[in-house]
Each structure stands twice: as structure tokens, then as C-alpha cells.
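Some notes on the structure that comes next.
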Amino acid sequence: MAMLPFCGYHMGDYFRHWLKMQRNLSVTPRVFHVNWFRKDENGKFMWPGFSENMRVLKWIVDRVHGRALARETPIGWTPYFEDVNWKGLDFSPATFEKLQEVDRAAWRKELIGHEELFLALHDHLPPEMIYERELLICRL
């Protein structure tokens, strides 16, 4: 929630604005989450580096245009190894699978942090936010 200090009005109203705007769209934009900074058990970054991000961004574009498949997880859809262009990079399927793992305990901890934000915004928080959070809790 890095935007909190910079938003010119109540964040609950900000969320409500985007939800209201979405209702008027015939095609809803897709939202993607990446974690370039995930570390392995030795504390080393699993993703090979900034210069390789275009590989995932290409998959995102392909996914939006229906040219790439995805695997469902509790937090959303993730690419299959073969749908990412690995040419010129030594990145194993095993490392990729480890990178794609959903750490349910870490996500539950993240949701505890959401509770603090939701309490702070309670008087303006759209109910859709609460429903979506509850659905995420059920998937974890």
C-alpha cells in the first residue's frame, strides 16, 4: 500500500471509485502480480534479474490476448514453464516450479496486514473488498 501517503482522498473512496468505474466497462483489465524478489532457502534471489523480466511480461501480454495458458492457484493464474521463453537462459523447470509455489502461510500472514488496513478504512471501505478478501481466505 505504498500509495497511502500520496492519495489525495480517502483510500476507501479511491477503491470505490475503481469498482464503480469497472461496472461501466465491457472488458475488465487484467491484474497481474509478480514477485521479482522471492528468495530461496539460502537467501538468494530466485529470479535471474531485472534484465530477464521481459520474459514474464511477454507471457502477460500473451495471456491477455489469449495466446498463453495458465495454471490456477489459490492466488490467481500462473504460467506454465513451457509458455515462457527461456532461450539463452539456463533456468530449470524445477527452479521455475519452486518460484511458482504458493506459500499459504506467508499469504495468511499478508492477510493479517490487510485487516489493519481494512479497519483503518472501515467507514468508507466498499463491501466488495471484504468479500474478495474472504474468498481469498477460503482459497488459502
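These values consider heavy atoms only, across backbone and side chains, with no hydrogens, waters or symmetry-generated copies.
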| request: Enter the distance from Y80:OH to E97:CD here, rounded to the nearest 0.5 Å. | output: 10.0 Å
| Steps toward side-chain contact (heavy atoms from CB on, under 4.5 Å) verdict (K44, K39) | CA-CA 5 Å; K44 296 193 182 222; K39 294 182 178 181; over 6 Å; no
| query | Of the non-hydrogen atoms in M46 and L99, which two are nearest, and what is the gap between them? | reply | CE-N, 3.3 Å
| said: When you compare the side chains of W47 and N53, does any donor N or O come within less than 3.5 Å of an acceptor on the partner? | reply: yes
| request: Classify the ring geometry between Y14 and W18 as parallel (under 30°), tilted (30 to 60°) or perpendicular (over 60°). | output: perpendicular
| query | Is it the case that R38 places NZ or CZ above or below the six-membered ring of F45, under 6.0 angstrom from the centre and within 45 degrees of the axis? | reply | no
| message | So does L140 get a backbone contact from the side chain of R104, meaning a donor-acceptor N/O pair under 3.5 Å? | response | yes
| field | Heavy-atom pair with the smallest gap, counting every atom of D62 and K58 | value | OD2-NZ, 2.7 Å
| query | Say you draw a straight line from CG of L69 to OG1 of T78; how long is it, rounded to the nearest 0.5 Å? | reply | 11.5 Å
| said: Below 30° counts as parallel, above 60° as perpendicular, anything between as tilted: where do the rings of W86 and F81 land? | reply: parallel
| message | Looking at E115 and R133, is there a salt bridge between them, counting it only when a charged N and a carboxylate O are closer than 4.0 Å? | response | yes
| query | Passes ring pair (Phe, Tyr, Trp, His ring centres under 6.0 Å), F32 versus W77? Steps please. | reply | CA-CA 9 Å; F32 292 85; W77 298 83; over 10 Å; no
| query | Between the main-chain N or O of K87 and the side-chain N or O of R55, is there a donor-acceptor pair closer than 3.5 Å? | reply | yes
| said: How long is the straight-line distance from CE of M54 back to CG of N85, given to the nearest 0.5 Å? | reply: 12.0 Å
| request: Just do the side-chain contact (heavy atoms from CB on, under 4.5 Å) check on W36 and F50 with the steps written out, would you? | output: CA-CA 8 Å; W36 308 118; F50 180 75; over 6 Å; no
| note | CG (L136) and CD1 (I75) are apart, to the nearest 0.5 Å, by 8.0 Å
| field | Atom pair NE2 (H114) and CD (E116), whose distance is rounded to the nearest 0.5 Å | value | 10.5 Å
| query | Where the side chain of H10 meets the backbone of G12, is there a donor-acceptor pair that is under 3.5 Å apart? | reply | yes
| If you measure from the Lys or Arg side-chain nitrogens to the Asp or Glu carboxylate oxygens, is any gap between R139 and E72 under 4.0 Å? | no
| field | Heavy-atom donor-acceptor pair, D103 side chain to A105 backbone, under 3.5 Å | value | yes
